[in-house]
Each structure stands twice: as structure tokens, then as C-alpha cells.
Amino acid sequence: MRVGARAVDDYTARVLDVVDSIPAGRVLSYGDVAEYLGEGGPRQVGRVMALWGGGVAWWRVVHADGSLLAGHERKAIRHYEDEGTPLRYPADGGTPRIDMRRARGFG
DNA sequence: GTGTTGACAATCA
DNA sequence: CTGATTGCCAACA
């Protein structure tokens, strides 16, 4: 019967578990996480990350187009370069994005 | 119950 | 490449 809310919702726990299982040098999009869980949607994953993302490797969850987290780009890039995540640097030296073609998924 | 907003995504111009 | 549009689901005033 699943009534009241637990300390953290099951969905939240599942999202965090998936994010925690992403190996270094790899990333998943919000939609990928939702699809992997088979429930919810990109926005729900985003909400969970906004609330509890601080406890996991939040930088391994990015937008579907490879863009980074607004406001946390600096830290994210630092982690990516440290983990060897394939990045794509624009010619004009703008904000780098994830090379989704290679980094998306678990392997 | 309704309308707005959000760490989104896919499609079209 | 950017911008606009639509679909999606949950939280919130």
C-alpha cells in the first residue's frame, strides 16, 4: 500500500542510485535516467537532482544536447577533465559541452 | 480545481 | 547555430 512519504521517496532513491552507478568518464541525460528507470520524466529527474543531487555525482547528469548545468559549469568541467570525460570545445572558446556521441550511456 | 514553473526533450523554421 | 513550439510529469500558489 505505499502511503505516506518516506524520508526520501522511492523514486528519489532510485534516481540517486542510477546516478551513483554512472562510471567516471561517462554521463547520462535526464531523459536517459528517466527512461532507464522506466517511470517519471526528464523534469522529475531534474527535480530530484536539484534537491538531492548534492549527494551524488550530479555532474554526470547533463542535458540531452550535452550542455552543462547552468551555474555549475565551472565545477562540472573540472570534474570532466579530471575523469577524462570527452568534451567538445567550441572554436570561439565558449562554454564546452559534453561529446554525447561518446560519453552518453554506461559504455 | 486551475494556472504557472522547472537542473528537460524532440521537432521545426 | 538560435529561437519558438509542443509534449511531458510533478510541485506549488
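We name chains A, B, ... by the order of the sequence lines, and we start the count at 1 in each one.
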Problem - Gap between atoms CZ and P, on A/Arg47 and B/dA9 respectively (whole Å) - result: 16 Å
Problem - Closest to side chain of A/Pro42, choosing from B/dA7, C/dA11, B/dA9 - result: B/dA9
Practice task
Please tell me which of A/Arg97 and A/Gln44 maps to the more 5' nucleotide of DNA chain C, matching each residue to the nucleotide holding its nearest heavy atom.
Solution key: A/Arg97
Practice task
Would you confirm whether A/Arg60, through its side chain, and A/Val27, through its main-chain N or O, come within 3.5 Å as a donor-acceptor pair?
Solution key: no
Handout entry: Atom CD of A/Glu83 with >12 non-hydrogen neighbours under 6.0 angstrom
Key = yes
Handout entry: base_contact_polar (B/dG6 base, A/Arg43 side chain, donor-acceptor, <3.5 Å)
Key = yes
Practice task
Let me know the distance between CZ of A/Arg104 and C1' of B/dC8, rounded to the nearest Å.
Solution key: 12 Å
Problem - d(CG, A/Asp65; P, B/dT11) in whole Å - result: 14 Å
Exercise for the section: Nearest whole angstrom, please: distance from the P of C/dA11 to the CH2 of A/Trp52. Expected result: 14 Å
Exercise for the section: Under the salt bridge (Lys or Arg N to Asp or Glu O under 4.0 Å) rule, what do A/Arg102 and A/Asp99 come out as? Steps first, then yes or no, please. Expected result: CA-CA 6 Å; A/Arg102 290 191 296 167; A/Asp99 186 348; 3.2 Å; yes
Practice task
Rounded off to whole Å, could you give me the CG-to-P distance for the A/Asp32 and B/dA9 pair?
Solution key: 8 Å
Practice task
Under 4.0 Å between any heavy atoms, over every strand shown, what does A/Ala50 touch: base, sugar-phosphate, or nothing? Just pick one.
Solution key: base
Practice task
Report which part of the nucleic acid A/Gly31 touches: base, sugar-phosphate, or nothing (heavy-atom distance under 4.0 Å, all strands).
Solution key: sugar-phosphate
Exercise for the section: Round to a whole Å and report the spacing from CG of A/Leu51 to P of C/dC9. Expected result: 20 Å
Exercise for the section: In plain terms, say whether A/Arg97 and A/Asp65 are close enough for a salt bridge, that is, a side-chain N and a carboxylate O under 4.0 Å apart. Expected result: no
Practice task
Let me know the distance between CZ of A/Arg74 and P of B/dA7, rounded to the nearest Å.
Solution key: 23 Å
Completion exercise
Whole-Å distance, A/Tyr30 OH to C/dA10 P, equals 18 Å
Problem - Nearest-angstrom distance, P atom, C/dG7 to B/dA7 - result: 22 Å
Problem - N/O (side chain, A/Ser29) to phosphate O (OP1/OP2, B/dC8) under 4.0 Å - result: no
Practice task
Report, as yes or no, whether the 6.0 Å neighbourhood of atom CZ on A/Arg14 holds more than 12 heavy atoms from other residues, nucleotides or ligands.
Solution key: yes
